[in-house]
K.L.:
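Quick one: the structure is below, and I'll ask about it shortly.
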Number of protein chains: 2
Amino acid sequence: MKNFINLTKNNQLFSGIEEKEIEAMLKCLNAKIKSYDKNQYIYRFGENISSVGLVLCGSVYLVKDDFLGNQTILSEAGVGQIFGETYACVPAETLEVSIITAEASEVMFLDIQRIMNVCSSTCVFHARLIRNLLSVLAEKNLNLTRKMLHMSQRTTREKLLSYLSAEAQRNCSTVFKIPFNRQQLADYLAVDRSAMSNELCKLRDDGILSFNKNCFKLNE
Amino acid sequence: MKNFINLTKNNQLFSGIEEKEIEAMLKCLNAKIKSYDKNQYIYRFGENISSVGLVLCGSVYLVKDDFLGNQTILSEAGVGQIFGETYACVPAETLEVSIITAEASEVMFLDIQRIMNVCSSTCVFHARLIRNLLSVLAEKNLNLTRKMLHMSQRTTREKLLSYLSAEAQRNCSTVFKIPFNRQQLADYLAVDRSAMSNELCKLRDDGILSFNKNCFKLNE
DNA sequence: CTCATTTCGTTGGATATACAACATATTCGT
DNA sequence: ACGAATATGTTGTATATCCAACGAAATGAG
């Protein structure tokens, strides 16, 4: 177990908790570690899960089979990130997605009940653990809400303006960088890349904004 | 305080906690109650909040001013429902939305730090409180993810099929009712109502589904 | 029952989008 | 510096969407 302690320090769940405390907590939480080859299922559609997964090494995909039978990657979790927390927190819901390793990986599983039910020993750090978990869920929530707002705009131009002005606001500046290239931005806004590229140039020609690669400037 | 105990029983946060315990917990949590007239701001854009609001009576809107200056209602919280929990759980983020009363309302405020940091007295019930909060966040997460999946389809037909097949799957039946009328479904999928209505009929004529009001049946 | 209101389906025209195909620009390894 | 690979911009066309307007059907109140 000890060789993973260093890994568990810089992650979403144990951040802010002292190293020696983590070791004690892992026992208390009855943490289990499992190894996987590439492209192995960790959780399958339809299962009812009660554990959060923490990626110790490697990375995993959260995938969904749509109504046409296509499998798409919804998100990825790398070292230090967690997965399954949403379904683990709602016992009534069975998985509508699956988790597959993107490469050979090691995963630590933590029972959600043990996370939620505070043990007597290290209450201060346990509170931090809970705070971290709440924080992960809340941040995902914020990101989903933001994305949804942009996507609910009807035209590509409106989607772009909605996204870019929100980013400007978040950065407290009319000049800012975005974490996407054109294709990724198009996927994020659920539009065609070439059409979006076209619309970006129209916005530039209309004097509404200017850009260079992934750096944007909103006018006025 | 006592006259609100009955109200706090059937709500998202205190569900599953015994009445007498709630009273003790409210003191321990330092719960504050405030009254509002109609159309009053409870939380404003830009604020940094540290409390979760619980609607005791009345109802509140979560509103957002978009880049065009329009104010839109993103969601509503009625009696027993909470608001602000997402931002309260992420101290680094300031409000990108505002909360306004939809009618004269009473709201109980609970400090998020006190919710997260377990007090010594009633650990069992406190764990339940935390479980409830996690559950609220996780469920919102699930709903946002589902909506996002449908909205990211490119055509109205695909959006409809994505939504309807997901609903069939969730209900474990090809026959099911949806909680929307046509306008609400169109808003949910971010498409035009008349175009959607048209597409629904095409799907019916193509033999893919049939419907009567808000009751649907998927074929095959 | 009747009338008013809301919901739902239908149509046509202006506009926007997706898609494919290609041109240009940038990045990266050697 | 060079070419290969990738990213970005541009264009045309078929298709889909939005929007407005309207009629039919369902709902609800009196």
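We name chains A, B, ... by the order of the sequence lines, and we start the count at 1 in each one. Every heavy atom of this structure was used, including side-chain atoms; hydrogens, water molecules and symmetry mates were not.
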K.L.:
Let me check the geometry of the helix from dC1(C)-dG30(D) to dT30(C)-dA1(D). What is the bend angle between the axes at its two ends, five pairs each, to 10°?
P.N.:
60°
K.L.:
Hey, which of Leu203(B), Thr174(B), Ile178(B), Leu160(B) is the one that makes side-chain contact (heavy atoms from CB on, under 4.5 Å) with Phe216(B)?
P.N.:
Ile178(B)
K.L.:
Once ring pair (Phe, Tyr, Trp, His ring centres under 6.0 Å) is applied, do any residues pair with Phe45(A), and if so which ones, sequence neighbours excluded?
P.N.:
none
K.L.:
When you check the gap from the basic side-chain N to the acidic O, do Glu47(A) and Arg44(A) get nearer than 4.0 Å?
P.N.:
no
K.L.:
Under a 4.0 Å heavy-atom cut-off, which of residues 190-203 of chain B touch DNA chain C?
P.N.:
Arg193(B), Ser194(B), Ser197(B), Asn198(B), Cys201(B)
K.L.:
If we count only N and O atoms by modelled type, under 3.5 Å, do the side chains of Glu199(A) and Thr156(A) hold a donor and an acceptor together?
P.N.:
no
K.L.:
For a quick test of reading the model: is some side-chain N or O of Arg182(B) closer than 4.0 Å to OP1 or OP2 of dG9(C)?
P.N.:
yes
K.L.:
Quick one: which of Thr145(B), Asn141(B), Val136(B) gives a side-chain contact (heavy atoms from CB on, under 4.5 Å) with Asn141(A)?
P.N.:
Asn141(B)
K.L.:
Decide whether Tyr87(A) and Glu96(A) meet the rule of one side-chain donor and one side-chain acceptor closer than 3.5 Å.
P.N.:
yes
K.L.:
Please write out each protein N/O paired with an N/O of nucleotides 26-29 of chain C under 3.5 Å, distance rounded to 0.1 Å.
P.N.:
from    : atom 1 : to        : atom 2 : distance (Å)
dT27(C) : OP1    : Lys213(A) : NZ     : 2.5

K.L.:
Taking side-chain hydrogen bond (donor to acceptor under 3.5 Å, both in side chains) as the cut-off, I'd like each qualifying pair that reaches into residues 182-191 of chain A, sequence neighbours left out, listed once.
P.N.:
Gln183(A)-Asp187(A)
K.L.:
What is the separation between atom CG on Asn181(B) and atom P on dT5(C), rounded to the nearest whole Å?
P.N.:
19 Å
K.L.:
Any chance you could measure Arg157(B), atom CZ, to Ile208(B), atom CD1, to the nearest 0.5 Å?
P.N.:
4.5 Å
K.L.:
Taking any heavy-atom pair under 4.0 Å as a contact, classify Phe180(A): base, sugar-phosphate, or nothing.
P.N.:
nothing
K.L.:
Between atom CG in Asn212(A) and atom P in dA25(C), what is the gap in whole Å?
P.N.:
14 Å
K.L.:
When you check the side-chain N and O atoms of Ser173(A) and Asn171(A), is any donor under 3.5 Å from an acceptor?
P.N.:
no
K.L.:
Side-chain N or O of Thr156(A) versus OP1/OP2 of dT17(C): is the shortest distance under 4.0 Å?
P.N.:
yes
K.L.:
Rounded at 0.5 Å granularity, tell me how far CG in Leu29(B) sits from CG in Leu26(B).
P.N.:
6.5 Å
K.L.:
Please lay out, stage by stage, how Glu93(B) and Arg146(A) fare under the test salt bridge (charged side-chain N to carboxylate O under 4.0 Å, His left out).
P.N.:
CA-CA 13 Å; Glu93(B) 298 280 352; Arg146(A) 289 179 188 133; 3.2 Å; yes
K.L.:
Give the ring-plane orientation class for Tyr163(B) versus Phe180(B), where under 30° counts as parallel, over 60° as perpendicular and anything between as tilted.
P.N.:
tilted
K.L.:
On a heavy-atom basis, which atom in Ala190(B) and which in Met151(B) lie closest, and how many Å separate them?
P.N.:
CB-SD, 3.7 Å
K.L.:
Name the first nucleotide and the last nucleotide along DNA chain D (5' to 3') that come under 4.0 Å of a heavy atom in chain A.
P.N.:
dT8(D) to dC18(D)
